[in-house]
Undergrad: 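Sharing a structure, written as structure tokens. Questions coming.
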There are 2 protein chains.
Amino acid sequence: MSSANAVLRKPIETPAEPEKRVRNRAATEQAILDAAKRLLAEEGFQNFGINAVARGAGCDKQLIYRYYGGLDGLVEAIGTDLGGWVQDRIPDDTGGMFLLTYGDLMERLALLFLDALRADPLMRRIVAWEVSENTEQVRRLSEARSKALAGWIERMRGSLTPPKGIDTVAVNAMIFAAIQHLVLSATISGQCAGLALKTAKDWEKAATALKRIVRGVYG
Amino acid sequence: MSSANAVLRKPIETPAEPEKRVRNRAATEQAILDAAKRLLAEEGFQNFGINAVARGAGCDKQLIYRYYGGLDGLVEAIGTDLGGWVQDRIPDDTGGMFLLTYGDLMERLALLFLDALRADPLMRRIVAWEVSENTEQVRRLSEARSKALAGWIERMRGSLTPPKGIDTVAVNAMIFAAIQHLVLSATISGQCAGLALKTAKDWEKAATALKRIVRGVYG
DNA sequence: CTTGCTATTCACCGGCTGGTGACAAGTTGG
DNA sequence: CCAACTTGTCACCAGCCGGTGAATAGCAAG
């Protein structure tokens, strides 16, 4: 093509404009990580693979191998990112509320966690993944998540002493398990064990039940 | 190969003995269904497909199309089978116990369900499937399961009236959600939210916590 | 035996997957 | 200008997937 031609022609974007990807490793790495998180959040872990991520990031899959050492490394990077999840999603102050009792604390924690999980599709997919597969990938992701969560609860607890005579670890595990399954089930099917979970009013019912359970145990 | 050779040779079973599958449609259908259930229970829904089931049943996948109309039909057949699950796994009498209060009832129900789910890998896989994917297949399976369960609870409840002023549907949904997630998480990773779930003693702790929660709500 | 019917298997297709080796396009330094 | 390195692309592989059309094997009635 002559240069004259180039000048005369209006620079109409050809539809398949390659967009001239700039040579920038850091940006590409970020694009890959973002694509991976988006894909996992939106499509779930079922169709989560090298090809899909590369397609989503608009680059060649080879780069995923180069920069992350394959899917495993990429998943691990997601897990690292996840460390900051709790801090981003959940305030670590008491919201100006005085938490006088352990029951106050747990009620607030439970409701915060419920809302945070409802608002975060990526986290939900990871939780579903955790109970579906037992690969090294998922195990690491799971660890990162539970560690972050445990740390947050610990900080939140402050100097409050748990009640005597109650196995708080076991009881809290049940409570968090309930929240997780409730939110997962609701997201997929709009209900859980016969309880509709679509409208705001439905969720108020769930929150009330949750509070009742927490208060029933911790007073 | 000469016939003399055949006579001289001891009838050692060749490793790839075709086993001369007998011509029996009913038996084949059953073999397919069994293989499907076994595969789903043991491997999970991830690698659950036509080819895998056919391999497991030791027949050609074509037969799955012919007899069940494809994977969907097969899954539906599993769902139908599942209808009898509750009856098989959970006694519908009160075990010689007098259930005087709604709390008595729910405590017993919760513990029975916990044990039943722990003992049934197929059911666990299905529950995990339910919170991971939202296809027509899974939806039907999910419906069959919840319907059977609801019916069982209804029968079990008998003439006992639920307490006033408590949203039992919501509270029970939370309780069953807790049980399901607890068991799923335990099966995959041996723990749930920091609570170890491996030894019998661990499970006793969980049962105690569950009882405490139920009693906390229903007295 | 021959003619059907049914159960079962076989061979093949296109498409997608994870994975790899070679190559092109820029960038930097001598 | 050339050489060396980094970034990115492409082409290709074997393997599995779901799905389909045709052939084969056993049985039963005529």
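Naming convention: chains lettered A, B, ... in sequence-line order (proteins, then strands); numbering from 1 in each chain.
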Undergrad: Is the shortest side-chain N to carboxylate O distance from A/Glu204 to A/Lys201 below 4.0 Å?
TA: no
Undergrad: Let me know, please, whether A/Arg66 or A/Leu71 comes out on the 5' side of the other along DNA chain C by nearest nucleotide.
TA: A/Leu71
Undergrad: Counting heavy atoms from C-beta on, name the nucleotide in D/dG18, C/dT9, D/dG8 closest to the side chain of B/Ile50.
TA: D/dG18
Undergrad: Determine the minimum heavy-atom distance between A/Val171 and A/Val217, stating which atoms define it.
TA: CG1-CG1, 3.7 Å
Undergrad: Testing the basics here: between B/Ala173 and A/Cys192, what is the closest heavy-atom pair and its distance to 0.1 Å?
TA: CB-O, 3.5 Å
Undergrad: Would you kindly give the CD-to-C1' distance between B/Gln62 and C/dT6, to the nearest whole Å?
TA: 13 Å
Undergrad: Rounded to whole angstrom units, what separation is found between the OH atom of A/Tyr68 and the P atom of C/dG18?
TA: 17 Å
Undergrad: Roughly how many Å is it from OH in B/Tyr65 to P in D/dC17, rounded to a whole number?
TA: 12 Å
Undergrad: Closest approach to the side chain of B/Arg25, judged atom by atom: which nucleotide of C/dA7, C/dT20, C/dT9 is it?
TA: C/dA7
Undergrad: Separation of A/Gln46 atom CD from D/dC17 atom C1', in whole Å?
TA: 14 Å
Undergrad: Can you check the A/Ile64 CD1 to C/dG19 P distance for me, whole Å?
TA: 11 Å
Undergrad: Listed by chain and number, what are the side-chain contact (heavy atoms from CB on, under 4.5 Å) partners of B/Asp34, not counting sequence neighbours?
TA: B/Gln30, B/Lys37
Undergrad: Is it the case that C/dA25 (base atoms only) and A/Arg23 (side chain only) share a donor and an acceptor within less than 3.5 Å, ignoring hydrogens and angles?
TA: yes
Undergrad: A/Asp60 CG to C/dA24 P: how many Å, rounded?
TA: 15 Å
Undergrad: Check A/Ala177 against B/Ala178 and note the closest heavy-atom contact, atom names and distance.
TA: CB-O, 3.7 Å
Undergrad: Verify the contact: side-chain N or O of B/Thr28 to OP1 or OP2 of C/dT8, cut-off strictly under 4.0 Å; return yes or no.
TA: yes
Undergrad: Nearest whole Å is fine: how far is D/dG19 P from B/Leu63 CG?
TA: 15 Å
Undergrad: Taking the basic N atoms (NZ, or NE/NH1/NH2) and the acidic carboxylate oxygens, is any pair closer than 4.0 Å for A/Arg140 and A/Glu136?
TA: yes
Undergrad: Please tabulate, one pair per line, each protein N/O and nucleotide N/O from nucleotides 13-16 of chain C that are separated by under 3.5 Å, including the distance.
TA:
none

Undergrad: On DNA chain C, does the nearest nucleotide to B/Glu29 precede the nearest nucleotide to B/Lys61 from the 5' side, or the other way round? Give the residue.
TA: B/Glu29
Undergrad: State plainly whether the residues A/Arg139 and A/Glu143 are in salt-bridge range, i.e. N to O under 4.0 Å.
TA: no
Undergrad: Whole-Å distance between C/dT17 P and A/Glu43 CD?
TA: 12 Å
